[in-house]
Structures are given as C-alpha cells and as structure tokens.
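Take a look at the structure set out below.
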Amino acid sequence: MKKIAYIFALTTLAAGAACSKIDANTSNNVPTTDAYAASVTAASAAGGTAATPADAVVQTGTTTVPGGMMHGARVITEASFLAEAASSGMLEMQLAQLALDRSAHSEVKAFARMLLEHHTKANKELMTLAAGMNVTLSNSMLPEHQKIVDKLSKLTGREFDKKYMDDLEDVHEQDIALYEVISNKAPTTSIRAFAIRTLPILRTHEHQADELEDKVERQ
C-alpha cells in the first residue's frame, strides 16, 4: 500500500511548530494500561502538571521552544498537538459522514458509524483539555486534512470504499505516531493521560481498517 507522508501546516496557537514529515517509527515506552492512565489523571487533578521532563525545552537551531517535544524532525508542543489531534478528529468525523452517504459496503458503513461515535467523544475531551490550558482550537481542519475530504467527496460506491479505507489506515498510522510522542513526553499530566487512554483505541481502529481494506479490495 502506498503510504502518505502528510505535511502539516500547523497554525500558531500557544506556540508554533516547525512543519515536516511525521515520523511513524516512534516507540511508546509508557504503559498504556487503564491503571497507569488513571494514576496520571489523578496526579493531574491533584497538581495540574507533572514534573517537567528533561527534554521539555527543545533547542532547534538558534530557537528555543519551551515545552517542545521532538517528533521525528520537527518540534511539537502540547498546543500544536491539541490542534493537530482536533483536526484529525474532525477529518475522521467528516469522512465517516461521507461513508454513510456514499459507501456501497455495509461493513464500511458500520465502521464509519463506530468511528463517528468514538471521535465525536474524543474531540469533546480535546476541547475540554484545550479550554483548561487556555488554548483556542480552530473549527476548521488543517489544509492537508481538508484535502483528503475534498478528494473523497468526489468519489462514490466501491471506488470511494477503497480510497476511504486506504486513507483511514494512513491517517491512523500518523495519529498513532503522534500520540506515542505525547504519551511519553507531554509535560502536562492530563494531556499525557489523554494520549495514553486514546492510543489503544487508535491502534484498534488502524488494525480494523487494515482488515476491512483487504476485504473491500477482494470484493
């Protein structure tokens, strides 16, 4: 399968982030258990933020990025993560709506309904996290996400199903790589706990998309 390397033109929120290809080869060293997520969430409720990791201030060239985290070749911040994650969630919700209208495959429609429910819930939590950090999230998707919607809006039936499942798998791979960085390095415990709770769901979605893509391709 051809994999798409997305270039995110991130908007400036609380802090800027350099644009580059997302590295899908990051590893998650933080346990993704409910118990760990609960402990992080409890720590957040008690103190708001965790101790700042050693790499929380990233030096890139001559510029210092407070709270920066390296993600492949680029620096991200919690604010830019929230923006990117919210945009990806909006992408999945819009694609799910398209699938419900345009898909010719009952299992693709069922999968789309599940994604719509999950990402609607996740984006509501993202909005709450952003509000707690005084970060205003855009109601519009990032340009690269909007391009995917525009492209799929021109397709119907089996042609739509094949491209939809292909793009879904790629988008989830990109999201998993991003969330793994946040789950390991985010200085704010509530942000890190959200990433830890969400990662297993994203991994399940990616696996299901891969299996369903194969089924669509065979039919």
Side-chain angles (χ1 to χ4, degrees), residues 1-10 19-28 32 71-72 74 76 81 83-126 140-183 194-219:
M1 179 192 305
K2 181 180 179 181
K3 300 302 178 186
I4 301 172
Y6 294 108
I7 308 297
F8 291 99
L10 295 180
C19 295
S20 73
K21 291 183 180 179
I22 293 181
D23 182 2
N25 295 318
T26 55
S27 61
N28 179 30
T32 56
H71 181 21
R74 69 183 173 108
I76 58 173
F81 160 70
E84 195 167 329
S87 177
S88 182
M90 285 187 281
L91 167 65
E92 294 221 37
M93 287 186 281
Q94 289 201 27
L95 291 184
Q97 292 286 7
L98 281 176
L100 293 175
D101 292 335
R102 296 167 180 263
S103 175
H105 199 294
S106 60
E107 289 185 64
V108 171
K109 287 188 175 184
F111 188 52
R113 281 191 288 269
M114 183 267 291
L115 291 179
L116 183 60
E117 178 182 351
H118 285 187
H119 285 281
T120 298
K121 180 180 178 180
N123 267 36
K124 286 180 180 178
E125 188 171 357
L126 278 169
S140 301
M141 285 181 287
L142 296 171
E144 290 303 313
H145 287 154
Q146 185 62 54
K147 287 179 183 177
I148 298 172
V149 174
D150 294 343
K151 176 181 60 181
L152 284 173
S153 295
K154 300 174 183 177
L155 305 177
T156 57
R158 188 168 183 271
E159 186 180 9
F160 171 87
D161 289 336
K162 290 170 65 177
K163 190 58 181 170
Y164 173 54
M165 297 313 304
D166 186 41
D167 284 352
L168 268 187
E169 188 177 1
D170 290 333
V171 168
H172 278 93
E173 287 176 355
Q174 302 297 323
D175 284 348
I176 288 167
L178 175 65
Y179 275 72
E180 283 176 340
V181 173
I182 298 302
S183 73
F194 171 76
I196 292 166
R197 289 196 309 273
T198 306
L199 261 173
I201 299 172
L202 293 175
R203 288 172 176 145
T204 299
H205 289 176
E206 192 277 332
H207 178 69
Q208 292 172 329
D210 183 45
E211 290 187 333
L212 187 51
E213 180 189 19
D214 289 341
K215 185 176 293 187
V216 168
E217 288 282 353
R218 290 194 301 269
Q219 293 179 350

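All residue numbers in this chain count up from 1 along the given sequence.
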Between CD of Q146 and CD of E144, what distance do you get to the nearest 0.5 Å? 11.0 Å
Looking only at heavy atoms, what is the nearest atom pair of H172 and E206, with distance? CB-CB, 3.7 Å
Distance-only, no hydrogens or angles: does the R102 side chain make a donor-acceptor pair with backbone N or O of L155 under 3.5 Å? yes
Can you tell if the side chain of L115 reaches within under 4.5 Å of the side chain of L95, non-hydrogen atoms only? no
Do M114 and H118 come within less than 4.5 Å of each other through their side chains, counting heavy atoms only? yes
Between R113 and L100 the two heavy atoms that sit nearest each other are CG-CD2, 3.5 Å
Approximate separation, where rounding is to 0.5 Å, of L212 CG and E217 CD: 10.5 Å
Can you find a pair of side-chain heavy atoms, one from F111 and one from L168, that are under 4.5 Å apart? yes
Q97 and D101 side chains, donor-acceptor separation under 3.5 Å: no
Side chains of I76 and I182 in contact at under 4.5 Å (non-hydrogen atoms): yes
Please name the pair of heavy atoms, one in S183 and one in A195, separated by the smallest distance, quoted to 0.1 Å. N-CB, 3.8 Å
Decide if atom CD of E159 counts as having more than 12 heavy atoms of other residues, nucleotides or ligands within a radius under 6.0 Å. no
Would you call the rings of H205 and H119 parallel, tilted or perpendicular, where under 30° means parallel and over 60° means perpendicular? tilted
Examine the side chains of Q94 and H145 and answer whether a donor and an acceptor come within less than 3.5 Å of each other. no
S103 OG to Y164 OH distance, which is reported to the nearest 0.5 Å: 8.5 Å
With a cut-off of 6.0 Å (strictly less than), are more than 12 heavy atoms of other residues, nucleotides or ligands near NZ of K109? yes
With rounding to the nearest 0.5 angstrom, report the CE to NZ distance, M141 to K147. 13.0 Å
For the CD atom of E211 and the CD atom of E107, what is their distance to the nearest 0.5 Å? 10.5 Å
Are any of the side-chain nitrogens in R203 or E180 under 4.0 Å away from the carboxylate oxygens of its partner? yes
T204 side chain to P200 main-chain N or O, any donor-acceptor pair under 3.5 Å? yes
Can you list the steps and then say if D175 with E92 is a side chain to side chain contact (heavy atoms under 4.5 Å, CB included)? CA-CA 11 Å; D175 284 348; E92 294 221 37; 4.0 Å; yes
Between S87 and L142 (side chain of the first, backbone of the second, donor and acceptor by atom type, cut-off under 3.5 Å), is there such a pair? yes
If every non-hydrogen atom of N123 is compared with every non-hydrogen atom of A86, which pair is closest and at what distance? ND2-O, 3.1 Å
For a quick test of reading the model, state the closest non-hydrogen atom pair linking V171 to S88 and the distance between them. CG1-OG, 3.8 Å
Check the pair K163, D167 against salt bridge (Lys or Arg N to Asp or Glu O under 4.0 Å), reporting the backbone distance first and the verdict last. CA-CA 6 Å; K163 190 58 181 170; D167 284 352; 3.6 Å; yes
So CG of L116 and NZ of K121: to nearest 0.5 Å the spacing works out to 14.0 Å
Closest non-hydrogen atom pair between S153 and L98, with its separation: OG-CD1, 3.7 Å
How are the rings of F81 and Y179 set to each other: parallel, tilted or perpendicular (split at 30° and 60°)? perpendicular
Report yes if the side chains of E213 and V216 come closer than 4.5 Å at any heavy-atom pair, otherwise no. no
